[in-house]
Protein chains: 4
Amino acid sequence: MPKIVDSEEYRKELLDKCFDLFANKGYANVTTRQIAKELGISTGAMYHYFPSKQVLFEQLVDRISWQDVKLLKSIAHDGTIAERIYRLGQLLIEYEEHFVKQAVIWTDFYHHHALAEINDNPVLQQVDRRYQEAIEELLDLPDPKLARFVWTLINGILFEQVESAYSFSFAEQIDLLSQMLIAYCEKHLA
Amino acid sequence: MPKIVDSEEYRKELLDKCFDLFANKGYANVTTRQIAKELGISTGAMYHYFPSKQVLFEQLVDRISWQDVKLLKSIAHDGTIAERIYRLGQLLIEYEEHFVKQAVIWTDFYHHHALAEINDNPVLQQVDRRYQEAIEELLDLPDPKLARFVWTLINGILFEQVESAYSFSFAEQIDLLSQMLIAYCEKHLA
Amino acid sequence: MPKIVDSEEYRKELLDKCFDLFANKGYANVTTRQIAKELGISTGAMYHYFPSKQVLFEQLVDRISWQDVKLLKSIAHDGTIAERIYRLGQLLIEYEEHFVKQAVIWTDFYHHHALAEINDNPVLQQVDRRYQEAIEELLDLPDPKLARFVWTLINGILFEQVESAYSFSFAEQIDLLSQMLIAYCEKHLA
Amino acid sequence: MPKIVDSEEYRKELLDKCFDLFANKGYANVTTRQIAKELGISTGAMYHYFPSKQVLFEQLVDRISWQDVKLLKSIAHDGTIAERIYRLGQLLIEYEEHFVKQAVIWTDFYHHHALAEINDNPVLQQVDRRYQEAIEELLDLPDPKLARFVWTLINGILFEQVESAYSFSFAEQIDLLSQMLIAYCEKHLA
DNA sequence: AATGAATGAGGTTTCATTCAT
DNA sequence: TATGAATGAAACCTCATTCAT
């Protein structure tokens with residue numbers, strides 16, 4: 001029993017260790033040898049902990065999503081809409097690097113699966129729902145669609161951070177988004 | 001003389017033909033043999049027109065960006081901010097499929113290049129600037145950053161279309177974004 | 001009839017034009033497209049004059065051997081052994097570049113044929129015999145083996161010119177070889 | 001520690017195994033699959049030991065040169081010039097097959113590298129110098145050029161063995177060369 | 001549990017040759 | 001005759017995965 005716990009812990013440790021690698025190079029551009037090297041173990045040992053590269057990646061994505069949701073749930077959920085939006089923004093700014101990488105990896109994940117496969121995967125569906133729920137709970141907007149939409153826009157900003165050399169700062173963009181949301185809420189949800 | 005024109009035309013035709021393939025499967029998941037088959041030519045012929053898979057992909061991205069910018073420039077640039085935002089939204093909705101694929105391919109493109117390489121590439125810089133300019137001109141907002149930000153958010157929505165099975169309709173999301181922008185403008189730019 | 005003559009002349013011209021190319025890069029490192037470009041014609045035209053790359057190469061080797069033999073026969077055949085050896089040396093020095101290239105190409109030629117194939121080829125046998133005869137006639141030594149041996153040693157010096165950065169000058173080496181031959185003849189053939 | 005030794009030993013073993021293949025067919029005419037087959041391993045395993053076909057070949061050439069020099073140094077260096085020349089001849093005759101192949105491969109090696117590249121390569125320069133030194137030491141002639149020249153002539157005879165079906169025996173040619181050298185030395189170096 | 005050498009299918013690319021124009 | 005686009009077999013090489021140790 002305790003051994004399994006250790007092993008389980010070790011697996012999570014390994015997943016965390018290759019987070020950056022996938023975020024920087026993308027799934028298809030990273031070889032199993034590179035992963036093993038980054039993890040400081042042999043390829044054989046890697047296959048002892050994960051049945052395949054694909055499964056390793058999937059477990060990484062899964063783990064990240066839990067971390068994200070946990071982070072989102074850690075924010076205080078009281079106060080006005082404007083206050084809650086502000087707090088979300090502050091969280092994103094604080095963990096900018098993490099969220100940018102998460103967005104990159106998530107994109108890669110979808111690229112490497114057929115859509116049918118994704119929609120049939122109950123684990124992924126659940127993860128997706130949990131993101132949605134976390135945002136919904138936090139912002140507590142009248143329309144759940146609106147919460148999802150906010151997350152969509154945030155992802156847009158996160159992608160932009162990776163891709164463009166000309167983008168202005170993440171904090172500035174998150175601020176701007178907050179102001180837009182607040183203006184929208186004041187006008188339409190008053 | 002006419003031969004060069006034909007050959008150039010044919011190359012563009014070939015690029016258009018593999019647009020969907022890259023959009024659906026991603027750069028690394030498409031083999032040269034698959035591309036050649038999709039194009040209806042032999043791999044040898046493919047290499048007659050493009051020196052490598054990578055260059056083919058780069059030329060595809062380049063071509064798409066020109067098409068996009070041309071589309072953006074085709075919209076009437078007069079009227080109020082709200083009207084212009086509305087027209088941009090209508091264009092995106094009309095060409096939804098195209099713009100979603102473009103976003104996917106663009107993402108893939110960035111994933112398969114080192115950042116340094118991208119920032120050193122004058123062609124890419126120019127393309128990037130042209131996108132920015134096109135949006136700026138169209139929306140004619142007081143702050144150029146704001147225009148870029150709009151494009152960033154639009155890309156977020158486009159990515160969402162690919163990735164999520166639970167997103168609501170593209171048209172609805174674009175509408176929502178328009179309303180947000182209008183609310184923001186009314187409040188801050190009045 | 002005159003047309004065939006022209007065509008034949010043109011073919012020889014083409015062979016001469018690609019002499020340097022093969023000498024510098026070797027058979028396997030030269031592509032048909034490079035040859036065609038060097039010849040200033042299309043690959044299609046090239047295949048009009050030569051049925052294959054291999055045959056083109058063989059005809060080149062054949063042509064070179066005739067030129068060499070012709071050169072060797074052009075020397076005056078009278079005087080003492082020492083004089084004849086001297087004259088041969090002067091010829092080699094005068095046409096150094098040509099003979100070096102010839103040696104390189106000849107080597108390449110053998111490398112790209114199975115030995116059995118070479119020994120079965122009557123044309124090649126004849127060429128080989130003609131070289132031997134030309135040297136024999138020129139040096140007029142008591143033992144025909146000796147003449148062949150001289151040619152063998154000359155080829156060694158020619159190869160050295162290509163391969164080594166440290167070799168001393170071709171003229172010096174040919175001189176040294178002449179002195180050796182003369183010393184040998186004085187001692188053994190007196 | 002012992003593992004590295006084994007691996008290093010195995011690499012040398014692999015090099016020795018493909019010596020004949022390159023000698024018979026030449027670099028460009030041997031495919032990686034053929035090499036792997038000859039070595040009795042998969043292409044993947046081959047690439048585990050050598051980063052490319054070219055590097056494999058270079059390491060083979062390097063290895064051969066060391067073996068040659070070692071052989072040359074193994075001869076007794078005392079006695080008269082005639083005796084030393086005789087001993088060198090006997091060594092060449094004894095290892096005829098090896099030296100012929102070495103000459104062939106060395107030629108091929110030069111053909112597949114740009115001259116500039118060869119002259120810039122310190123390893124190759126050193127190898128070249130070592131050949132020279134070994135011959136110089138062995139023959140102990142008054143002029144170092146003369147020693148190099150002897151090696152040049154020997155190579156000529158070695159090439160002849162490969163190329164010509166009409167050459168007389170290697171032993172006979174080496175004998176003849178010895179007599180020439182001796183005659184030359186008696187006349188000029190007395 | 002751990003290692004890393006080994007596998008071999010499959011990737012990108014090349015190139016001698018053909019053929020419609 | 002001449003062109004050069006097109007072919008496709010085959011080249012070199014990679015890499016996820018396995019397995020003897």
Side-chain angles (χ1 to χ4, degrees), chain A residues 3 6-7 10 27-37 39-57, chain B residues 3-4 6-7 10-11 14 27-37 39-57, chain C residues 3 6-7 10 27-37 39-57, chain D residues 3-4 6-7 10-11 14 28-37 39-56:
Chain A
K3 250 204 172 161
D6 282 349
S7 178
Y10 190 47
Y27 180 81
N29 293 325
V30 173
T31 69
T32 49
R33 275 201 260 273
Q34 279 177 305
I35 299 169
K37 199 175 179 183
L39 297 181
I41 59 175
S42 67
T43 57
M46 201 186 97
Y47 274 84
H48 177 73
Y49 289 103
F50 307 98
S52 72
K53 183 188 174 187
Q54 167 128 314
V55 167
L56 161 58
F57 186 57
Chain B
K3 265 220 167 140
I4 291 172
D6 283 348
S7 181
Y10 189 46
R11 263 191 49 244
L14 293 176
Y27 180 80
N29 293 323
V30 173
T31 70
T32 50
R33 278 198 256 269
Q34 280 177 305
I35 298 169
K37 199 174 178 184
L39 296 181
I41 59 176
S42 65
T43 57
M46 197 187 103
Y47 276 84
H48 179 72
Y49 288 102
F50 307 98
S52 70
K53 182 187 172 187
Q54 167 129 310
V55 167
L56 160 58
F57 186 55
Chain C
K3 249 204 173 163
D6 282 349
S7 179
Y10 189 47
Y27 179 81
N29 292 324
V30 173
T31 68
T32 49
R33 276 199 259 273
Q34 279 177 302
I35 299 169
K37 199 175 178 183
L39 297 181
I41 59 175
S42 66
T43 56
M46 201 186 97
Y47 274 84
H48 178 73
Y49 288 103
F50 306 98
S52 71
K53 182 188 174 186
Q54 168 127 313
V55 167
L56 160 59
F57 186 56
Chain D
K3 265 220 166 138
I4 291 171
D6 283 348
S7 180
Y10 188 47
R11 262 190 48 243
L14 292 176
N29 293 323
V30 174
T31 70
T32 49
R33 276 201 257 272
Q34 279 177 306
I35 298 170
K37 200 175 179 183
L39 296 180
I41 58 177
S42 64
T43 57
M46 197 186 102
Y47 277 85
H48 180 72
Y49 289 101
F50 307 99
S52 70
K53 182 188 173 186
Q54 166 127 312
V55 167
L56 160 58

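Proteins get letters first, then strands, A, B, ... in listed order; numbering begins at 1 in each. Source: prediction; values computed, not measured.
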Sequence neighbours left out, what passes side chain to side chain contact (heavy atoms under 4.5 Å, CB included) with A:Ser52? Give chain and number order. A:Gln54, A:Val55

Please report, rounded to the nearest Å, how far the P atom of F:dA16 is from the CD atom of A:Gln54. 12 Å

Let me confirm one number: the NZ-CE distance from C:Lys37 to C:Met46, rounded to the nearest 0.5 Å. 15.0 Å

Does anything in residues 27-37 of chain A come within less than 4.0 Å of DNA chain F? Heavy atoms only, and list the residues if so. A:Val30, A:Thr31, A:Thr32, A:Arg33

Locate the shortest heavy-atom distance separating B:Ile35 from B:Leu56; write the atom from each residue and the value. CG2-CD2, 3.8 Å

Please identify each residue that fulfils side chain to side chain contact (heavy atoms under 4.5 Å, CB included) with B:Gln34, with sequence neighbours left out. B:Lys25, B:Val30, B:Thr31

Atom CG of B:Leu56 and atom P of E:dT12 are separated, to the nearest Å, by 11 Å

Nearest-neighbour nucleotide for the C:Thr43 side chain, F:dA5, F:dA6, E:dT7 considered: F:dA5

Kindly compute the distance separating CD1 (A:Ile41) from OH (A:Tyr49), expressed to the nearest 0.5 Å. 7.0 Å

With sequence neighbours excluded, residues passing ring-ring contact (aromatic ring centres under 6.0 Å, His included) with C:Tyr47: none

Taking all heavy atoms of D:Ala28 and all of C:Ala28, pick out the closest pair and write down the distance. CB-CB, 3.3 Å

Taking only residues two or more places apart in sequence or in another chain, which ones pass side-chain hydrogen bond (donor to acceptor under 3.5 Å, both in side chains) with D:Arg11? D:Glu8, D:Gln59

Contacts to DNA chain F from residues 44-52 of chain B, heavy-atom cutoff under 4.0 Å, which residues? B:Gly44, B:Ala45, B:His48, B:Tyr49

Excluding sequence neighbours, so at least two apart, what forms ring-ring contact (aromatic ring centres under 6.0 Å, His included) with D:Phe50? none

In dot-bracket notation, what is the pairing pattern of DNA chain F, taking Watson-Crick (N1-N3 plus N6-O4 or O6-N4) and G-U wobble (N1-O2 and O6-N3) contacts under 3.5 Å, with [ ] crossing and | for other strands? .||||||||||||||||||||

Given atom NZ of B:Lys53 and atom P of F:dT14, what is their separation to the nearest angstrom? 15 Å

